[in-house]
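Data block below; observations after.
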Amino acid sequence: MQKEYDPEFVESKWQRIWQDRQLFRVKEDPAKKKYYLLEMFPYPSGNIHMGHVRNYAIGDVVARYKRMQGCNVLHPMGWDAFGMPAENAALANNVHPAKWTYQNIDTMRSQLKRLGFSYDWNRELATCKPEYYRWEQWLFVKMFDQGMAYRKKSFVNWCEKCQTVLANEQVEAGLCWRCGEIVAQKELDQWFFRITDYADDLLEYCERLPGWPEKVVTMQKNWIGKSLGAEIYFPLKNGDGHIPVFTTRQDTVFGATFMCMAPEHPLVLKLAAGTDQETEVQAFVERIRSQDKAKRTSDDYEKEGVFVGAFCINPFTKQQMPIFTANFALMEYGTGAVMAVPAHDQRDFEFARKYGLEIVVVIQPNGKTLDPATMTEAYVDEGILVRSGPFDGLENLKALDAIAGYLEEKKVGKRTVNFRLRDWGISRQRYWGAPIPIVYCEKCGVVPVPEKQLPVILPEDAKMLEGGKSPLPELESFAKTPCPKCGNPDACRETDTMDTFVESSWYFERYCSPDYDQGMFDKKAVEYWMPVDQYIGGIEHAILHLLYSRYFTRVLKDFGLATYKEPFTRLLTQGMVCKETLKCADHGFLFPEEVVENDQGLTCKHCGSRVEIGRIEKMSKSKKNVVDPNALIEKYGADTLRLFCLFAAPPERDLDWSDQGVEGAYRFLKRVWRLVERHAAHIQDIKTFDGEKEVTGDLKALYRKIHQTIKRVTNDIETRFHFNTAISAVMELVNTVQAVKKEDILLTPDGASILRSALETVIVLLSPIVPHWAEELWEVLGNSESVLEVAWPAYREEAIVEDEILIVVQINGKVRSRFNITADADEEAIKAAALADDRVVARIAGRPVKKVIVVKKKLVNIVV
RNA sequence: GCGAGGGUGGCGAAAUUGGCAAACGCACUGGACUUAGGAUCCAGCUCCGCCUGAGGCGGAUUGGGGGUUCAAGUCCCCCCUCUCGCACCA
């Protein structure tokens with residue numbers, strides 16, 4: 001054995017052995033209980049960062065623990081490999097996105113391997129490979145055939161100069177991030193998935209995800225945003241049909257005095273045509289439309305509108321209502337038109353005041369009378385209906401249903417459910433993504449690519465264009481294709497690619513049979529492994545990725561490909577990795593190496609002025625508070641890094657980085673290493689203690705501690721993934737070993753045997769966390785099999801039992817004394833001992849005892 | 001504004017069902033070993049006060065205030081504060 005702990009040596013040794021023995025390779029085994037542990041796969045951005053290390057370290061502990069518990073554990077890893085950063089890098093460094101991506105994958109794969117995670121690397125997949133996305137295209141065609149994928153016009157952020165679509169994040173203050181051109185909204189034909197068909201089901205099942213954090217479930221519910229209400233038809237005054245409106249407040253319909261429509265609403269320009277308002281409306285609509293989304297949803301966005309020059313009729317009051325187009329009305333929600341009830345909606349109230357519109361109160365609160373003339377804000381609470389014809393005197397909550405019924409009866413509206421959730425737009429006018437398998441033919445129209453012709457391969461010989469424009473439309477070898485239906489040679493391909501969230505919506509199924517070439521996955525394999533028992537990843541995917549995955553799973557089920565509805569049984573969202581920031585007034589954020597410490601305190605290397613220690617924030621390059629896992633691995637090894645990540649905080653909480661904390665973790669591993677080294681020789685051939693023989697004193701205490709530790713660690717990992725307390729429990733066990741003062745008792749046969757048990761327990765319990773270190777020490781103790789294949793230890797209940805327990809004595813709730821008593825002492829004995837205690841007697845000083853409460857095995861409280 | 005989650009020593013954090021607040025670690029202090037110590041080992045370490053002293057004694061303390069209880073970090077009410085999410089959703 002090496003005298004000093006040398007992580008570099010130990011880690012490379014065991015990684016080689018694991019690989020040679022293919023220890024993490026799994027296959028379906030009906031005889032064993034399966035456990036599918038999945039961590040969110042990374043985007044191959046270049047290097048592994050601390051966030052990945054933490055996420056994957058957490059997952060690896062669970063995977064290894066479950067394996068030791070006897071489960072057949074599927075623990076795969078792969079690459080979310082399509083996406084825009086590859087295109088940006090391509091332009092910046094003149095490398096092809098494919099080359100850049102594959103290089104990054106190689107780098108990151110070796111970094112993950114260096115960390116010793118227990119992945120079955122035979123299942124590795126990359127979503128940018130045709131073998132992967134061909135099945136996604138296959139499913140797209142199937143969805144198209146079923147009407148689940150469809151095409152419609154929709155607005156996108158468009159930069160005219162770059163001739164490209166921009167993602168929301170690429171629009172900075174309304175300007176193109178690259179060229180500074182004003183970003184416009186452009187209407188393009190886009191492909192959509194009909195996720196709204198499943199809105200109700202997705203919402204309903206939110207209640208049936210007990211293994212998910214409530215926070216995530218709530219976020220999903222809000223995102224789906226179901227609201228019950230009614231659609232009401234407001235006839236146009238000129239008799240040309242009606243405007244449908246969605247409202248959740250049909251109880252206030254008698255108070256609707258004007259109408260607001262989204263600037264994008266097709267009726268707006270039609271109604272204004274030929275009136276005095278026409279030019280003003282046109283100008284307004286144009287102006288609002290050119291505003292980007294960020295601006296239109298910003299905090300200080302002022303509400304404004306323009307009269308369109310037409311009226312509609314309130315079907316209940318028969319009063320005429322002026323029609324406005326207003327910037328706050330959203331085309332995407334409801335019907336794009338709002339009945340405005342200024343007395344009972346704050347936004348409508350402000351609008352009415354601004355433009356001098358009529359305010360009619362139709363709900364009066366109890367014991368107060370509202371007067372429109374003096375109101376300063378809308379009244380939005382409950383009350384009794386007034387000025388509401390047949391509904392006068394009704395409580396407004398009851399009126400909701402009554403009026404909804406009346407609407408249907410009179411055929412002026414109907415009950416409706418409205419969702420905030422929109423259909424999922426998947427078209428991206430981008431190169432580095434999976435091609436949408438559609439051909440447009442002048443004769444046949446929209447034609448899906450037949451299964452036999454799949455995959456539609458993304459041509460890797462495309463040359464990237466300046467400005468980020470997709471090269472696909474101009475690449476004739478790709479864009480031009482004969483029509484699959486009629487053979488027309490002049491048909492053209494869809495040149496948009498799919499949103500990368502599509503790939504990540506089914507990768508967990510693909511892992512079950514990653515090389516399967518007869519379909520998306522082997523049904524038998526998926527039936528065995530799915531659903532994922534434990535999914536682990538960042539909270540940033542709480543909505544989109546998880547919702548899309550849930551949706552896709554439902555689609556697969558309806559297509560008969562899957563048998564379950566929910567892909568992830570349990571979800572853990574780990575916290576972020578944070579670190580303090582350093583800031584100089586002149587030079588902004590600084591790297592630690594840009595800061596010099598002298599007698600002035602911390603100063604900036606560039607200008608010498610004082611450096612402030614800023615707040616603790618999520619590690620990010622821009623804040624210059626990142627730490628590089630590679631450098632740490634080099635210095636301390638993977639095990640230390642893993643140990644620190646798991647010890648510093650429970651997984652769901654943010655982790656504050658501490659260089660000294662890493663040192664501490666390293667020190668602990670070295671300390672145990674030396675302990676084993678010192679004792680290895682004399683316990684080499686000793687058997688572990690079986691508990692049959694009675695021992696006393698320190699030995700008994702140590703034996704007890706072993707089993708208490710097993711119990712605590714098992715509990716901490718099993719029920720709540722609190723590895724930090726599990727580790728501290730093991731540390732206590734180590735401390736107990738080192739606290740044995742008379743070391744010669746460890747040389748006796750029983751002592752050596754118990755010592756061996758203690759050291760083995762430490763090693764085995766820590767093996768999921770620091771596996772290389774554990775393997776090496778396990779071997780040092782003379783064991784031949786891998787510690788990974790050792791069964792997780794069970795504790796002996798009888799070993800845990802204490803002979804003596806400490807009883808705390810309180811007088812009037814304050815601790816005044818404590819004493820030991822045999823563990824089997826009954827309540828009476830404990831009470832008697834407490835009352836006889838010298839200190840207690842002195843304290844009570846003869847005062848009458850009113851009451852004595854005895855909590856067995858814990859405390860006595862004497863009330864005087 | 002709405003919703004969720006936090007606030008415990010100098011720091012990260014512990015505290016099954018209400019039952020010794022601060023386990024474990026970091027930092028710090030003192031000591032040992034040493035040519036050296038940023039290695040290692042031993043000891044101390046919430047705050048305040050008291051006793052001449054080794055050592056002991058007392059009080060306070062889980063963001064603030066109130067309540068329930070023999071007993072509250074934990075349960076109830078009010079308030080402060082931080083973080084995250086949603087936010088013209090009709």
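Chain naming here is simple, since letters A, B, ... match the order of the sequence lines and numbering starts at 1 in each. Not measured: the values here are computed from a predicted model.
Aromatic ring orientation, A:Y5 versus A:W673: tilted (interplanar angle from 30° to 60°). Note: A:Y355 and A:F324 have tilted aromatic rings, judged against thresholds of 30 and 60 degrees for the angle between ring planes. Ring geometry for A:Y548 versus A:W424: interplanar angle under 30°, hence parallel rather than tilted (30 to 60°).
A close approach under 4.0 Å does occur between a side-chain nitrogen or oxygen of A:R843 and OP1 or OP2 of B:rG58. Look at A:R674 and you'll find a side-chain N or O under 4.0 angstrom from OP1 or OP2 of B:rC41. The phosphate of B:rA39 (OP1 or OP2) has no side-chain N or O of A:R671 nearer than 4.0 angstrom. Residue A:R720 places none of its side-chain N or O atoms closer than 4.0 Å to OP1 or OP2 of B:rA14. At B:rA39, none of the side-chain N or O atoms of A:K3 fall inside 4.0 Å of OP1 or OP2 (strictly under the cut-off). The phosphate of B:rA14 (OP1 or OP2) has a side-chain N or O of A:N724 nearer than 4.0 angstrom. For B:rG5, neither phosphate oxygen OP1 nor OP2 lies less than 4.0 angstrom from any side-chain nitrogen or oxygen of A:R653. Phosphate proximity of B:rC57 to A:R816: absent, as no side-chain N or O sits under 4.0 Å from OP1 or OP2.
Rounded to an integer number of Å, the gap from A:K635 NZ to B:rA39 P is 11 Å. Taking atom CG of residue A:L675 and atom C1' of nucleotide B:rC41, one finds them 13 Å apart after rounding to whole Å. Rounded to an integer number of Å, the gap from CD of A:Q660 to P of B:rA39 is 12 Å. As rounded to whole Å, 14 Å separates atom C1' of B:rA90 from atom CD1 of A:I243. Here B:rG38 presents its P atom at 18 Å from CG of A:D659, a figure rounded to the nearest Å. At whole-Å resolution of the value, NZ in A:K215 and C1' in B:rC86 are 11 Å apart. Going from atom CE of A:M576 over to atom P of B:rC84 covers 7 Å, rounded to whole Å. Here B:rA15 presents its P atom at 12 Å from CD of A:E732, a figure rounded to the nearest Å.
Using the Watson-Crick or G-U wobble rule with both distances under 3.5 Å, B:rG30 pairs with B:rC42. Within the shown strands, B:rG49 is the pairing partner of B:rC57 under the Watson-Crick or G-U definition, both distances less than 3.5 Å. Pair assignment for B:rA4: B:rU83, on the basis of Watson-Crick or G-U wobble contacts that are both within less than 3.5 Å. Under the Watson-Crick or G-U wobble criterion, with both distances below 3.5 Å, B:rC75 is paired with B:rG67. Figure legend. B:rG12 is base-paired to B:rC24; pairs are counted as Watson-Crick or G-U wobble with both atom distances under 3.5 Å. B:rC89: no Watson-Crick or G-U partner with both key distances under 3.5 Å is found in any strand.
Atom name P, nucleotides B:rU62 and B:rG9: the rounded distance is 10 Å, in whole Å. Comparing B:rA72 with B:rG19, their C1' atoms sit 10 Å apart, to the nearest whole Å. Annotation: B:rC20 and B:rC77 have their P atoms spaced 25 Å apart (nearest Å). Look at the P atom in both B:rU46 and B:rG25: the space between them is 15 Å, to the nearest Å. Comparing the P positions of B:rU8 and B:rU68 gives a spacing of 27 Å, expressed to the nearest Å. The C1' atoms of B:rA43 and B:rC50 are separated by 25 Å, rounded to the nearest whole Å. Distance check on atom P: B:rC28 versus B:rC86 gives 41 Å, rounded to whole Å. Distance check on atom C1': B:rU34 versus B:rC42 gives 16 Å, rounded to whole Å.
As judged by a 4.0 angstrom heavy-atom cut-off over every strand, A:K814 is placed among residues touching the sugar-phosphate backbone only. At a threshold of 4.0 angstrom between heavy atoms, the contacts of A:V855 include nucleobase atoms, whether or not backbone atoms are also involved. Contact annotation for A:F668: no contact, since no heavy-atom pair falls under 4.0 Å across all strands. Residue contacts shown for A:L806 include a base, since a base heavy atom lies under 4.0 Å away. Nucleic acid contact class of A:D348 (heavy atoms, under 4.0 Å, all strands): none. Within 4.0 Å (heavy atoms only), A:G664 reaches sugar-phosphate atoms of the nucleic acid but no base atom. Residue A:K850 is out of contact with every strand shown, counting any heavy-atom pair closer than 4.0 Å. Across all strands, A:A665 comes closer than 4.0 Å to no nucleic acid atom at all (heavy-atom distances).
Closest to the side chain of A:N715, out of B:rU16, B:rC20, B:rC88, is B:rU16. Side-chain proximity of A:K858 to the nucleotides B:rG19, B:rA39, B:rG25 is greatest for B:rG19. For A:V815, whose side chain is taken as the heavy atoms from C-beta onward, the closest listed nucleotide among B:rA21, B:rU16, B:rG12 is B:rA21. Taking the side chain of A:T725 as heavy atoms from C-beta on, and the options B:rA90, B:rA14, B:rC70, the nearest nucleotide is B:rA14. Considering only the side chain of A:R839, B:rC57 comes nearest among B:rA90, B:rG19, B:rC57. The side chain of A:K670 lies closest to B:rU40 when the candidates are B:rU40, B:rG12, B:rC20. Distance from the side chain of A:R667 is smallest to B:rA27 among B:rG19, B:rA27, B:rG12. Closest to the side chain of A:N861, from the set B:rA87, B:rG12, B:rG19, is B:rG19. Distances from the side chain of A:K303 to the nucleotides B:rC88, B:rA27, B:rC89 place B:rC88 closest. Side-chain atoms of A:R818 lie closest to B:rC20 of the nucleotides B:rC70, B:rG3, B:rC20.
For A:Y666 and A:F644, the gap between ring centers reaches or exceeds 6.0 Å. The aromatic ring centroids of A:Y795 and A:H707 lie 6.0 Å or more from each other. Between A:F351 and A:F328, the gap from one ring centroid to the other is short of 6.0 Å.
Side-chain polar atoms of A:S227 and A:N418 form no donor-acceptor pair below 3.5 angstrom. Of the N and O atoms on the side chains of A:D423 and A:T196, at least one donor lies less than 3.5 Å from an acceptor on the other residue.
Taking 3.5 Å as the limit, the base of B:rC70 and the side chain of A:K851 contain no donor-acceptor pair of atoms between them. On a pure distance criterion of 3.5 Å, no polar donor-acceptor pair joins the side chain of A:N222 and the base of B:rC86.
The residue among A:D654 and A:Q810 whose nearest nucleotide of RNA chain B lies closer to the 5′ end is A:D654. Both A:T248 and A:S658 lie near RNA chain B, and the one whose nearest nucleotide falls closer to the 5' end is A:S658.
Syn is the glycosidic conformation of B:rG9, whose angle stays within 90° of 0.
Without hydrogens or angle criteria, A:N314 side chain to A:A256 main chain gives a donor-acceptor distance under 3.5 Å.
A distance of 10.0 Å separates CG in A:L400 from CZ in A:R415, rounded to the nearest 0.5 Å.
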